[in-house]
Student: 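Pasting a structure below so you can have a look.
Proteins come first, then strands; the chains are lettered A, B, ... in the order of their sequence lines, and each starts at number 1.
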Protein chains: 2
Amino acid sequence: MTDAPARRPAASRPTLADVARAAGVSTALVSIVMRDVPGASDATRERVRSIADEMGYVRDERARKLRQSSSRLIGVTFDLQQAFHGDLVEHLYTAAAAHGYDLAISAVAPSRSEDVAVQALLRERCEVAVLLGSALSDDELRATATRVPLLLVARRSEVDDVSSVHSDDVEGVGLAVDHLVSLGHRRLVHVDGGTAPGADDRRRGFVLAAGRHDVEPWVVPGGPTEHDGARAMAGLVDSPAPPTAVVAFNDRCAAGVLDALVRRRIDVPTDVSVIGYDDSRLAVGPHAQMSTISQNAAEMAECAVTGALDLLAGGEPHEVVLTPHLVARSTTGPPPQA
Amino acid sequence: MTDAPARRPAASRPTLADVARAAGVSTALVSIVMRDVPGASDATRERVRSIADEMGYVRDERARKLRQSSSRLIGVTFDLQQAFHGDLVEHLYTAAAAHGYDLAISAVAPSRSEDVAVQALLRERCEVAVLLGSALSDDELRATATRVPLLLVARRSEVDDVSSVHSDDVEGVGLAVDHLVSLGHRRLVHVDGGTAPGADDRRRGFVLAAGRHDVEPWVVPGGPTEHDGARAMAGLVDSPAPPTAVVAFNDRCAAGVLDALVRRRIDVPTDVSVIGYDDSRLAVGPHAQMSTISQNAAEMAECAVTGALDLLAGGEPHEVVLTPHLVARSTTGPPPQA
DNA sequence: TTCCTGACCTAGAACGTTCTAGTCCAAAGG
DNA sequence: CCTTTGGACTAGAACGTTCTAGGTCAGGAA
C-alpha cells in the first residue's frame with residue numbers, strides 16, 4: 001500500500017525535536033531561533049531556520065501557551081448576527097496584535113448561548129475576557145468575574161469588578177435629537193430597544209433631549225432587529241399625527257423602519273427623516289447612506305484592549321465612556337412643510 | 001498588603017493537582033471523574049466532583065488537547081462581513097459538537113487576510129480546516145492542503161486534494177430564472193458577481209437558463225456587495241428598455257439593487273421583480289421578505305463536518321453538491337403589463 | 001489456607017514547548 | 001601560566017492534562 005499522498009500530514013507535523021534532530025542541535029536552540037531571541041550565532045540561526053522551513057515546521061501554539069506563564073491570550077465573545085460586532089472583532093485582532101496578544105474568539109448565536117461561549121474561553125485559559133454587547137445579568141457577570149477578569153464592550157457595567165468600554169448613549173441619542181430639531185423637526189418619535197442592552201440609556205437620552213428642546217418625548221416600543229423596527233413603524237404611519245422624524249434604537253432597527261416606509265411609498269427624507277445608531281456596515285449598505293450615530297469601532301477596540309491589559313496588570317476596574325458623533329447622511333432632512 | 005480581591009484568579013486557576021490534593025486522591029482519579037469515564041466509585045465520583053465545583057475547577061483545554069493523540073479540533077475560517085458565513089458558523093458549532101469535535105474559528109476581514117487566518121489555525125493544530133467561501137488561488141489551496149486536510153464550503157474546488165461542499169449554482173440560478181419566466185417575465189437581467197467565488201457558475205447558469213426559455217441572456221457587471229448591486233441597477237434604470245426582473249449575484253447585491261429601485265420610487269415587485277441568492281439573514285431582514293435562492297446553512301454545515309471527518313478517517317477528497325431551492329417571497333411578481 | 005477476580009485507585013511517562021541553570025571553549029587580562 | 005569573561009550551546013525540569021501499566025484489597029472458589 002503506497003500511502004502518504006502529499007496531503008494529510010496532519011497527524012505527524014514536525015516538532016521542534018524533529019527540526020533539532022535534522023539540524024544536529026538541541027531543541028532548546030531551535031526554540032531560541034524560532035522565537036528570535038538572543039542566544040544563537042547568525043550562522044546556525046540561518047541554517048536552523050532554513051531546515052525548519054523546508055520541513056514545514058509550524059509551532060504548536062497550544063504547547064507554547066501551556067508552558068508560558070502567561071498565555072498572552074484575550075478571549076472575545078461576539079454575536080454572529082450583529083454587524084457591528086464584526087467590525088469590533090476585526091479591530092480587536094489588530095489592537096491585540098499590537099500589544100503582542102492573540103485573540104480567541106467565541107461566537108454567540110441563537111443556538112449558542114453566551115454562557116457556553118464564555119465557558120469555551122475559560123477552557124482556553126485566556127487571561128482576560130472581552131464580552132461584546134453582553135446580555136448577561138449582573139449576577140452572572142459577577143460570577144464570571146470571579147473566574148476571569150472581565151471587560152464589557154458596548155454595554156455599561158453595573159458590577160464593581162467589571163471594566164467596560166462604551167459610548168455615551170445618552171449623549172449619542174441627544175446628538176440625534178439635536179440634529180433633527182435643528183433641521184426643523186418637532187414631531188419626533190423614538191423606536192426604542194425594548195430590553196436590549198443599552199436601550200434604557202438611549203430611551204433616557206431621547207427623553208432628556210426632547211425636554212431640552214421642549215418637544216414631546218414620544219417613545220414607542222421597538223427592539224434590536226429589523227423586524228422590530230418595521231413593526232413599530234407600521235403602527236406609526238397610520239397614527240393621526242405621524243412623526244416627521246424617527247430616532248431608531250440602532251441601525252438594524254432603523255433599517256426596518258426604512259423598509260416599512262419604503263413599502264408604503266413614503267419618501268425618506270422628504271416625508272420622514274430616519275436616524276440609526278452604531279454606524280455599522282448596515283448604515284453604509286443597502287439603504288444607501290443612512291444617517292446614524294457613530295461608535296468608532298477602531299477606537300472602541302483599542303480602548304478595550306488597553307483596558308483589558310490594564311486589568312491584567314492589576315489596575316482597578318474602570319469605565320471608559322467614548323464620545324459618539326453624528327454622521328449625517330441621506331436619510332435625514334428638513335420636515336415636509338418647513 | 002491585603003491583596004486578592006475576589007476577582008482575577010486568572011493567573012492561579014485550580015488544576016487537577018489542586019483538586020486531587022484537596023480530595024486526597026491522585027490526579028489520575030480526578031481526571032477520570034472529570035471525563036466521566038469508568039474507573040471510579042460513585043461515592044468518590046460525587047465527592048471529587050463537588051470539591052472541584054467548589055474550587056471552581058475548569059479543565060485546561062490546551063493541556064488536554066496537547067496530550068491527546070488527536071486534538072478533535074476543526075478549524076474554520078469565515079468572513080466577518082458575510083451574513084451567510086455567520087449562519088454557517090452557527091450550524092458548524094452544533095454539527096461539530098454532535099461528532100464530539102470542537103471548533104476553532106478564525107476570522108477573515110479586510111485587515112486580516114485569509115492566509116493569516118489559516119496560519120493561526122495551523123498553529124492551533126486543528127486536524128482539518130474548513131474554509132468558508134475561500135478566495136485562495138488554486139496554487140495556494142494546493143500548498144495549504146499539504147499541511148492540513150482541507151474542505152471548502154460554498155466554493156467549488158478545482159484542486160484534487162481538497163474536498164468541497166457547495167450548492168449547484170448553475171441549477172440555483174436556473175431556478176430563479178424559471179420562477180421569473182413562469183411569472184411572465186421576458187426581459188431579465190443578471191447582475192453578476194464579478195470575480196467573486198461562484199460568480200462564473202451563476203453567470204453560466206443564467207445564460208443557460210435564458211437559453212432554455214429563449215430569452216435574451218442579458219448580463220451586467222456587478223459584485224458581491226450592496227454597493228455593487230446599487231451601482232449596477234443605477235446604470236440599468238435609465239436604459240431604453242429596462243429589465244422587468246433582476247437576478248442578483250447574492251442577497252447583498254440584491255439589497256443594493258432594491259435600494260437603487262426604491263430610491264427612484266420604482267416599486268418592487270409591481271414594476272420590477274428582484275431575486276437574490278443565499279437566503280442569508282439579509283433576505284428576511286430589512287427589505288422584508290426578499291425572494292431568493294436558499295442554500296440551507298444547516299445542511300451545508302452538517303455536510304461540511306461529515307466531509308471533514310471523512311477526510312480525517314482517510315477517505316478520498318470529494319465534492320458534495322447540494323440542491324438549492326427557490327424561496328419565493330415578496331420581491332417577485334408578475335411583470336407590469338402581464 | 002491460597003488463589004483468583006474484578007473494582008477501585010495510583011505512579012509515572014508522555015504531549016511540544018519554554019525556561020532555568022548550567023557546560024564548554026576560545027579569547028582576553030593578569 | 002592561570003583566571004576571567006562572555007558567547008554559543010545544551011540538559012532537564014517544568015506547564016496541566018491523558019494514558020499505560022500497573023498496585024491493592026475485599027470477597028468468593030477451591
Student: CD1 of A/I32 versus C1' of D/dC9: gap in Å, rounded?
Tutor: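 For the pair A/I32 CD1 and D/dC9 C1', the rounded distance is 7 Å.
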Student: Within this structure, what is the CD-to-P distance between A/Q68 and D/dG16, rounded to whole angstrom?
Tutor: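 Checked: the CD to P distance equals 13 Å.
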Student: With a 4.0 Å cutoff (strictly under), does any side-chain N or O of A/R59 reach OP1 or OP2 of C/dT17?
Tutor: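 For C/dT17, neither OP1 nor OP2 has a side-chain N or O of A/R59 closer than 4.0 Å.
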Student: In whole Å, what is the span from the CG atom of A/L29 to the P atom of C/dT17?
Tutor: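 Interatomic distance, CG of A/L29 to P of C/dT17: 14 Å.
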Student: Does B/R49 pair with B/D36 as a salt bridge, N-O distance under 4.0 Å?
Tutor: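 Yes.
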Student: From NZ of B/K65 over to C1' of D/dT17, roughly how many Å is that when rounded to an integer?
Tutor: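 In whole Å, D/dT17 C1' and B/K65 NZ are 12 Å from each other.
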Student: Would you say the base of D/dT17 and the side-chain of B/R64 have a donor-acceptor pair closer than 3.5 Å?
Tutor: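 Not at all, since no donor on one side and acceptor on the other fall under 3.5 Å apart.
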Student: Base, sugar-phosphate alone, or nothing: which one does B/T15 contact when heavy atoms must sit under 4.0 Å apart?
Tutor: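 It contacts sugar-phosphate atoms only.
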Student: Can you check the B/E61 CD to D/dG16 C1' distance for me, whole Å?
Tutor: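 After rounding, the reported distance stands at 12 Å.
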Student: Using whole Å, what does the distance between atom P of nucleotide D/dA11 and atom CZ of A/R21 come to?
Tutor: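 Taking CZ of A/R21 and P of D/dA11, I get 13 Å after rounding.
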Student: Nearest nucleotide by nearest heavy atom, which residue falls closer to the 5' end of DNA chain C, B/R67 or B/R45?
Tutor: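 In this pair, the answer is B/R45.
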Student: Give the rounded distance in Å between these two atoms: CG of A/D60 and C1' of C/dC15.
Tutor: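 Whole-Å distance recorded here is 9 Å.
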Student: Look at A/E61 together with A/R59 and state whether they make a salt bridge at an N to O cut-off of under 4.0 Å.
Tutor: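 Between A/R59 and A/E61 there is a salt bridge, with a charged N closer than 4.0 Å to a carboxylate O.
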Student: Tell me: CG of B/L66 to C1' of D/dA14, nearest whole Å?
Tutor: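 Taking CG of B/L66 and C1' of D/dA14, I get 13 Å after rounding.
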Student: Pick base, sugar-phosphate or nothing for A/A28, based on heavy-atom distances below 4.0 Å to the nucleic acid.
Tutor: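 Contact class for A/A28: base.
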Student: Using a strict 4.0 Å threshold on nitrogen-to-oxygen distance, state whether A/R142 and A/E140 make a salt bridge.
Tutor: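 No, A/R142 and A/E140 are not salt-bridged.
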Student: How far apart are the closest heavy atoms of A/L151 and A/A304, and which atoms are they?
Tutor: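 Result for this residue pair: CD1-O, 3.6 Å.
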Student: Ignoring backbone atoms, test whether A/S31 places a side-chain nitrogen or oxygen under 4.0 Å from the OP1 or OP2 oxygen of C/dC19.
Tutor: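 Answer no for this pair, as no side-chain N or O of A/S31 is under 4.0 Å from OP1 or OP2.
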Student: Judged by each residue's nearest nucleotide on DNA chain D, which is more toward the 5′ side, B/L16 or A/T27?
Tutor: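 Result of the comparison: A/T27.
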Student: So, B/D102 and B/K65, do they make that salt bridge, N to O below 4.0 Å?
Tutor: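 A salt bridge is present here (some side-chain N lies under 4.0 Å from a carboxylate O).
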Student: Remember a base hit wins even if backbone is also touched, and classify B/S41 as base, sugar-phosphate or nothing at under 4.0 Å, heavy atoms.
Tutor: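 Contact class for B/S41: sugar-phosphate only.
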